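Have a look at the structure below before the remarks.
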Amino acid sequence: MELPLAAAGHTALLTTLLRPLGLGPADRCLPAAEAEQLVEAQYRASLEFVYGHPVWRRIRAARGTDGAAPVLAYLLESRHYLAAAPFRMASGITDALRPDPLIRLQAHHVVEEADHDTYFENGLAALGLPRDLVREARPGPVTVEWIHLMRTVAAYGPLAAAICSGLLEYTAGDRESVAGWHTMLVDQGVLSREAVDAIFEHVQTDLGLGHGSNWRHALEAARVVPAAELADWLNAVSLVAEMIVRWLETFTEGLSATVVEAAPALALDGPVRTLGGEADGLPVWPAEIYDSVTHGPRSARPGVRRTLALAYAFAGRATDQDPAAPGTGPTPATAARDLTARTARDWDGGTGAADLEKLVEGWMTAIDGHRLWRRLTEEPTLPLVHGWMVENYHYVAGIWQHCGAAVAACPDPVIRAELVKHLTEEFNHGKMFLRGIERARGDRYAGLPTDRMRPLPTTVAFVGTLRELGQRDWKAYVIALTYLQLSLTAVDGGVHARHDGFYRTVFDRCPGAEAMVAAMRRHDDEDTRLGHGDDTRVLLDLLTDRHRVDRESVAAAALVPQLTWSFLDGILQHYRHGEAAIVQRAGWHTDA
């Protein structure tokens, strides 16, 4: 059922709203047919949530190219999402005792999806976009989040990968509605027939390959599904739906459409990027740039929007095909190059420990100006503080995953020992947060324990990115760990100098917050007592003394500041809605 946000404040309803959806005992196994019914019901509920978004009404009401902005953003960001298909899907087929039918099914899916970005590239080319600019444009922050969320859930295994990707392909079965949607775009003059035909070919290809039924075949291949696993996969489907809605939010005010509008008049000047935009975090931008690209800049002036869009998408490498006439002033492309030179944090090639420490200190701009901090100090609410703590619990509890991945990948026994030490010291910090949150909230939300609250998709993407970074490039993980640890430390080495003023302001304006935030302060104090800032400097010294650091490792590590921004932005965008945001984190579970 759907209820208004205000329903979360109705005491008579709260017990029901907080009740997670139960699948019975954790040791129960569900036959494929029963699991299929539950998955399909979850798909229908999730897609009702997705298609209830106002952006669809705006597109349906559009007439002519003046209303095309959300569609243009959809084309570009869909191209980026599809281009990363092998990167986000293949982790679901890597670990298996033997190549069983389930693994084979998912492997087929990976191969068949590997080049589907071509359809959207063709659609963008029909609109006059040079293919090299499309390929070099950096994906929007939320597209990067979505790619890493899907990569994270795929890594859980082939069944999780099939069930989560099935949400996206389930809608293709309604051929009449899908065809009608594409016809409407042409009839209303939003897109040209050539562009629409190119992207509709993607739908036809998926239908021909039978991708809409992959999730059913995966369940049939699995034959039975443990209830505890099914609860996780159903919750993961809801996270995918939430991420899609967050993605849709960016199409109206964000800057992706501006990139599409500007690109036909641009050329590229500079080296071609060797890493995909979903894996290359350089340059690192201030928080306000990520915010502007995602939610729109504070200024609505077209020149400001275009300058910010080109700076983020091309990092100063976009040039005008036709130079501006003398005396007309700088174009957005030249202004974007200037903005990039002044504010973007790129790597200067320094490989010493001091060089890398200075580099990651510069990356703090990705979080220091974040709007979450302003909201917490200017208009804090207990649900926002509560949500901030819950998501930090999920993040801190994830240390086993990402530090463990780096320990497993690191071939240097000396550095590996330092990583084990860090894992040992952080091992129970998740429990510290859990106990602190539960103690502070008392009987509030009694039917929804903190450890049963679903993490936000941005949190899952953040932790998943750290985990796969540890697996893929342990050197990059060491650099990223330095960034995360130094973010807690002030210039003078004392955590209080950086955070105490912030905490006092939050407590003054939201009196109930102090007990809730006590766990965060204990964690900060514990990290300072253990000398984690100094420990990460030791790691940097060992890394640079014993190994060579190259641009690829730095670029991979540089994605972490962007995903940290996303982690904070997800908290702000969700929990600003008050009590309903807490209640909405209920999900599927099993009995102990």
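We number each residue from 1, following the sequence as shown. Quick caveat: nothing in here was measured; it's all calculated off a predicted structure. Values below: all heavy atoms of this structure, side chains included; hydrogens, waters and symmetry mates excluded.
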Can you name the nearest heavy-atom pair linking [X] to [Y], along with the distance?
X: Ala195; Y: Gly123; result: CB-O, 3.6 Å
X: Pro383; Y: Ile582; result: O-CD1, 3.7 Å
X: Ala558; Y: Pro561; result: O-CD, 3.0 Å
X: Ala366; Y: His370; result: O-CD2, 4.5 Å
X: His577; Y: Leu5; result: ND1-CD1, 4.2 Å
X: Val186; Y: Ser192; result: CG2-O, 4.2 Å

Q: Report the relative orientation of the aromatic rings in His402 and Tyr395; use parallel for angles under 30°, tilted for 30 to 60°, perpendicular for over 60°.
A: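 If you compare the ring of His402 with that of Tyr395, the planes turn out parallel.
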
Q: Would you please classify the geometry between the His202 ring and the Tyr119 ring as parallel, tilted or perpendicular, with 30° and 60° separating the classes?
A: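 The arrangement is tilted - the two ring planes meet at 30° to 60°.
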
Q: Would you please name every residue forming a side chain to side chain donor-acceptor pair (under 3.5 Å) with Arg371, sequence neighbours left out?
A: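 In terms of side chain to side chain donor-acceptor pair (under 3.5 Å), with neighbours along the sequence ignored, Arg371 is linked to Asp291.
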
**Q.** side chain to side chain donor-acceptor pair (under 3.5 Å) against Tyr503, all qualifying residues, sequence neighbours excluded
**A.**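 Per chain and number, Tyr503 pairs via side chain to side chain donor-acceptor pair (under 3.5 Å) with Asp524.
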
Between [X] and [Y], is there a donor-acceptor pair closer than 3.5 Å when you use the side chain of the first and the backbone of the second?
X: Gln188; Y: Arg60; result: yes
X: Tyr393; Y: Trp388; result: no
X: Asp473; Y: Leu469; result: no
X: Asp320; Y: Asp322; result: no
X: Thr252; Y: Glu249; result: no
X: Arg317; Y: Pro271; result: yes
X: Arg509; Y: Val506; result: no
X: Ser91; Y: Phe87; result: no
X: Trp373; Y: Ile367; result: yes
X: Arg305; Y: Ala300; result: no

Kindly write out the residues that satisfy salt bridge (charged side-chain N to carboxylate O under 4.0 Å, His left out) with [X], not counting sequence neighbours, or none if the list is empty.
X: Glu468; result: Arg151, Arg472
X: Glu288; result: Arg298
X: Arg551; result: Asp346

Would you say the side chains of [X] and [Y] form a donor-acceptor pair under 3.5 Å?
X: Gln562; Y: Arg138; result: yes
X: Thr143; Y: His80; result: no
X: Asn122; Y: Arg131; result: yes
X: His574; Y: Glu242; result: no
X: Glu391; Y: His394; result: no
X: Arg246; Y: Thr458; result: no
X: Trp285; Y: Thr343; result: no

(Q) Are more than 12 heavy atoms, taken from residues, nucleotides or ligands other than Tyr74, located less than 6.0 Å from that residue's OH atom? (A)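 No, OH of Tyr74 has 12 or fewer neighbouring heavy atoms, counting only those of other groups under 6.0 Å.
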
Q) Do other residues, nucleotides or ligands put more than 12 heavy atoms under 6.0 Å from the CZ atom of Arg63? A)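 Atom CZ in Arg63 is crowded, with more than 12 foreign heavy atoms closer than 6.0 Å.
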
Q. Going through the checks in order, is the side chain to side chain contact (heavy atoms under 4.5 Å, CB included) test met by Ile59 and Trp181?
A. CA-CA 10 Å; Ile59 294 172; Trp181 174 260; 3.6 Å; yes

(Q) Once rounded to the nearest 0.5 Å, what's the spacing between atom CG of Leu572 and atom CZ of Arg374? (A)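 If we round to the nearest 0.5 Å, Leu572:CG and Arg374:CZ are 9.5 Å apart.
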
Q) Atom NE2 of His386 and atom CD1 of Ile571: how far apart are they, to the nearest 0.5 Å? A)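 Going from NE2 on His386 over to CD1 on Ile571, the span is 12.0 Å.
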
Do [X] and [Y] come within less than 4.5 Å of each other through their side chains, counting heavy atoms only?
X: Val240; Y: Ser46; result: no
X: Thr294; Y: Glu253; result: no
X: Leu75; Y: Leu129; result: no
X: Phe462; Y: Leu149; result: no
X: Val390; Y: Arg585; result: no
X: Ser165; Y: Met89; result: no
X: Leu255; Y: Thr250; result: no
X: Leu310; Y: Leu266; result: yes

(Q) Let's go through Arg576 and Glu379 carefully: what are the C-alpha distance in whole Å and the side-chain angles of both, what is the deciding distance for salt bridge (Lys or Arg N to Asp or Glu O under 4.0 Å) to 0.1 Å, and is it a yes or a no? (A) CA-CA 10 Å; Arg576 65 193 172 115; Glu379 303 175 73; over 6 Å; no

**Q.** Intermediate values then yes/no, side chain to side chain contact (heavy atoms under 4.5 Å, CB included), Val560 and Ile479
**A.** CA-CA 10 Å; Val560 172; Ile479 297 170; over 6 Å; no

Q. Taking the six-membered ring of Tyr477 as reference, does the NZ or CZ atom of Arg467 fall below 6.0 Å from its centre and within a 45° cone about the axis?
A.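 No - Arg467 does not lie over the ring of Tyr477 by the 6.0 Å and 45° rule.
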
Q: Please assess Arg504 against Asp508 for the test salt bridge (Lys or Arg N to Asp or Glu O under 4.0 Å), listing each intermediate value before the final yes or no.
A: CA-CA 6 Å; Arg504 283 196 301 271; Asp508 287 345; over 6 Å; no

(Q) Check for me whether the distance between the ring centres of Trp363 and Trp565 falls short of 6.0 Å. (A)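 No: the rings miss the under 6.0 Å criterion.
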
Q. Do the two ring centres, one from Trp56 and one from Tyr51, sit under 6.0 Å apart?
A.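 Yes, they do, as the ring centres are separated by less than 6.0 Å.
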
Q: Any pair with a residue in residues 254-282 that passes side chain to side chain donor-acceptor pair (under 3.5 Å), sequence neighbours left out, goes on the list, sorted by first then second residue, please.
A: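 Pairs touching residues 254-282 that pass the test: Glu77-Ser256.
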
